Structure formats: C-alpha cells, structure tokens
Amino acid sequence: MGKDNDRATPLRITARLFDGRINSVDGIIMLDSILYHGWFAKYEPHVLEGLGDEDARYIGLPLTKYPYGGMWAASRGIYTETSRSIESYNKSPDFFAADKYDKLRSDGGKKNCISSTVGAYRRYRNSCVIRTCADNKVTFYAKGRADKVRDLLSYIPSIGKKSAMGWGIVTDWIVEETDEDYSIVHPVHGLMRPIEVGQEELAQGVDLSKYPVYRYGVKPPYYKPKNFKLCYVPVNMDGELSGK
C-alpha cells in the first residue's frame, strides 16, 4: 500500500445479496480475491477478457499487506447458512463461432460431423453447491483504505462462482470503519482466512486443531498453484466453523 498504509483502518464490509444464494463448494469467499477482481475491472479490464497477462501491471490492493507470503489483511466471508442444495446449469457449444468453421468442413468441401455428446464440443450439465445466506448478507473484515475499498467494490456485481446463472448477485456494498482488526482472527468466528503452517502465532487464541490442513492459496488469485501453501483452512463444508 505504500503511504496509504498510514491511513489504513479496520473495516467491516457487508455484501447485501439479491436472494442470498451463493455458489461455493467449500464455502470460502475471500475479500482480497473480490478486490483483486475489482482492481482489474477498473484498471485493466481487457485482462478479464483474456486479452492480457494479469501479472503484467498489477500493483496491489488498498489493504495492509502482512510480511507472510504476500498475505493481505482481508478475511473470508462470514454468513449463516440456512440451506444447501445442488443446482445445475446446462452448457452447449457455440457452433456458429468463427473458430468452429474449420471443424464443420473438410478440405474437400464435405461437411464433417461435430458430436454434441463426446469430445471437445459436447454439451454438458454441471452441478453446483448452492448455499443460502441468512438475511441475504455476507460480512467480511479487513484493514485498509475505506474509500479505495469502496471504489473497487463498485465494480463487483456479484460474489461466488457462475454469477451469470443468477447466483451471488450483490445489490449493495456497505463499507464501515470499526475498532478492531478481524482480518485473521475473530473472537466468535475463529480463523478468518487460510494461514500457512508454521505461522501459528498469527492465530493466537484459536484452536487450530479444528481446521483441516491442505494446500490452499494465501493470496489472490487463489486458483494459481504458485500461490498454494500448506495451510490451516477455515472451510465451511458442514456448516459455519465458529468459536475459538
């Protein structure tokens, strides 16, 4: 954050959802990942369209950065899960896209057959874990610049996966300054983000034996193997992990 770090304050961020449904297998929705997406939506939108390298000009987030593997002061989303279900969406290939032409005709001008049941151009049905949040809201904690966090969130219309299907639609973002920094540990909700094995001192007062240990991202983008570390992970597979 540079000089902005001097103006960083503890924050509570609330996402108000349209119908409370989010698409998440493990129940973890990280605030820094959301802000990372917002940064590119504002400054490098072409990268989100697959037209550039996301590492090329990325300069960081308006959050405090801890000296632990580049970890940002940002928590997972906290919510009370009222129900969980499996919902599905269908996907069919676009046979009219320009890059499909060569697949439709051979050099001799005869049409080839594209199978919609097997191979690269098959249609498929994908199942997703959908969690419904009480009061249609998800709460995050962080330490950073409230004004800049609010600005990046204005570029985020949804949280979770597959928002195009209607899941995770955000109707409003609320960013408030608070007295305590709960980006790593919360007195009620326990561990607030994945922390690397060997950095147990960051989670003082939390019984880490409650949390599974596996390779997980410590900073966005969380899907990239280069950001994976052996971590204590506050998964929400069987309901909200809470307590100390």
Side-chain angles (χ1 to χ4, degrees), residues 13-42 44-52 54 58 61 72 74-94 120 122-142 149 152-173 189 192-194 212 214-229 231 233-241:
I13 297 102
T14 302
R16 295 191 181 276
L17 306 180
F18 175 70
D19 62 7
R21 296 182 305 153
I22 55 174
N23 181 342
S24 176
V25 173
D26 62 9
I28 299 178
I29 300 176
M30 294 299 301
L31 177 65
D32 53 354
S33 182
I34 294 171
L35 293 173
Y36 181 86
H37 190 93
W39 189 94
F40 281 99
K42 179 176 181 177
E44 302 286 338
H46 65 284
V47 174
L48 300 181
E49 299 173 0
L51 302 177
E54 65 184 322
Y58 172 61
L61 303 177
W72 296 103
S75 79
R76 61 188 171 101
I78 297 298
Y79 54 92
T80 300
E81 186 178 312
T82 59
S83 67
R84 189 182 310 177
S85 61
I86 302 297
E87 298 184 24
S88 303
Y89 65 91
N90 298 322
K91 178 68 174 179
S92 297
D94 181 4
R122 72 187 185 281
R123 68 170 72 94
Y124 61 88
R125 182 174 178 84
N126 195 32
S127 298
C128 305
V129 178
I130 306 302
R131 302 163 187 268
T132 301
C133 307
D135 301 321
N136 296 348
K137 69 178 182 180
V138 179
T139 301
F140 305 87
Y141 293 89
V149 167
L152 291 185
L153 290 176
S154 70
Y155 291 85
I156 302 297
S158 62
I159 60 176
K161 296 182 178 180
K162 294 296 179 182
S163 60
M165 306 300 170
W167 297 308
I169 302 302
V170 176
T171 59
D172 191 23
W173 287 103
H189 302 295
M192 296 293 279
R193 59 163 300 115
Y214 51 84
R215 287 179 62 78
Y216 205 88
V218 293
K219 64 179 181 179
Y222 281 86
Y223 64 86
K224 281 198 170 183
K226 72 176 184 180
N227 293 332
F228 290 177
K229 304 290 183 181
C231 293
V233 184
V235 295
N236 187 6
M237 301 297 288
D238 298 306
E240 179 63 57
L241 285 172

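Heads up: numbering here begins at 1 and tracks the sequence. The structure displayed is predicted, hence computed values, not measured ones.
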Participant: Rounded to the nearest 0.5 Å, how far does NZ of Lys224 lie from NZ of Lys219?
Facilitator: 10.5 Å
Participant: What are the two closest non-hydrogen atoms of Trp167 and Glu87, and how far apart are they?
Facilitator: NE1-OE1, 3.1 Å
Participant: Where is the tightest heavy-atom contact between Ile159 and Ala15, given as atom of each residue plus distance?
Facilitator: CD1-CB, 4.5 Å
Participant: How far apart are the C-alpha atoms of Leu31 and Trp72, what are their side-chain angles, what is the distance that settles it, and do they pass the side chain to side chain contact (heavy atoms under 4.5 Å, CB included) test?
Facilitator: CA-CA 9 Å; Leu31 177 65; Trp72 296 103; over 6 Å; no
Participant: From Asn136 CG over to Thr14 OG1, what is the distance, rounded to the nearest 0.5 angstrom?
Facilitator: 13.0 Å
Participant: Which heavy atom of Ile22 sits nearest to which heavy atom of Cys133, and what is that distance?
Facilitator: CD1-SG, 3.9 Å
Participant: Indicate whether the side chain of Asp32 and that of Tyr222 have a donor and an acceptor atom separated by less than 3.5 Å.
Facilitator: yes
Participant: If only atom types and distance count, is the side chain of Tyr155 paired as donor or acceptor with the main-chain N or O of Phe40 below 3.5 Å?
Facilitator: no
Participant: Could you tell me whether the side chain of Leu17 reaches within less than 4.5 Å of the side chain of Val170, counting heavy atoms only?
Facilitator: yes
Participant: Under 3.5 Å, is there a donor on one side chain and an acceptor on the other for Asp26 and Tyr216?
Facilitator: yes
Participant: What closest approach, in Å, do Ser163 and Ile169 show between heavy atoms, and which atom pair accounts for it?
Facilitator: O-CD1, 3.8 Å
Participant: So which heavy atom on Pro194 is nearest to which on Pro234, and how close?
Facilitator: N-CD, 3.8 Å
Participant: Give the C-alpha distance, both sets of side-chain angles, the deciding distance and a yes or no for side chain to side chain contact (heavy atoms under 4.5 Å, CB included) between Val235 and Tyr214.
Facilitator: CA-CA 11 Å; Val235 295; Tyr214 51 84; 2.6 Å; yes
Participant: I want to check something: taking the side chain as every heavy atom from C-beta on, are Arg76 and Arg193 in contact at a cut-off of under 4.5 Å?
Facilitator: no
Participant: Which pair of non-hydrogen atoms, one from Cys231 and one from Val218, has the smallest distance, and what is that distance?
Facilitator: SG-CG1, 3.5 Å
Participant: If you round to the nearest 0.5 Å, how far is OG1 of Thr82 from CZ of Arg131?
Facilitator: 11.5 Å
Participant: Could you state the interatomic distance from NZ (Lys162) to SG (Cys128), rounded to the nearest 0.5 Å?
Facilitator: 7.5 Å
Participant: Do Glu44 and Trp39 have side chains that approach each other closer than 4.5 Å (heavy atoms only, starting at C-beta)?
Facilitator: yes
Participant: Just so I know, are the side chains of Ile34 and Trp173 near enough to count as touching, which here means a heavy-atom distance under 4.5 Å?
Facilitator: yes
Participant: For Gly20, does its backbone N or O pair with a side-chain atom of Thr132 as donor and acceptor, under 3.5 Å?
Facilitator: no
Participant: Mark yes or no for whether Asp19, through its side chain, and Arg21, through its backbone, hold a donor-acceptor pair below 3.5 Å.
Facilitator: yes
Participant: Please determine whether side chain to side chain contact (heavy atoms under 4.5 Å, CB included) holds for the pair Ile130 and Ile86, giving the CA-CA distance in whole Å, both sets of side-chain angles, and the decisive distance to 0.1 Å.
Facilitator: CA-CA 6 Å; Ile130 306 302; Ile86 302 297; over 6 Å; no
Participant: Rounded to the nearest 0.5 Å, what separates atom CG in Asn126 from atom CE in Met165?
Facilitator: 9.0 Å
Participant: Which distance, rounded to the nearest 0.5 Å, do you find between the NZ of Lys42 and the CD1 of Ile156?
Facilitator: 12.5 Å
Participant: State whether the number of non-hydrogen atoms from other residues, nucleotides or ligands found under 6.0 Å of Phe18 atom CZ is greater than 12.
Facilitator: no
Participant: If we ignore hydrogens and angles and just use 3.5 Å, is the side chain of Ser158 paired with the main-chain N or O of Gly168 as donor and acceptor?
Facilitator: no
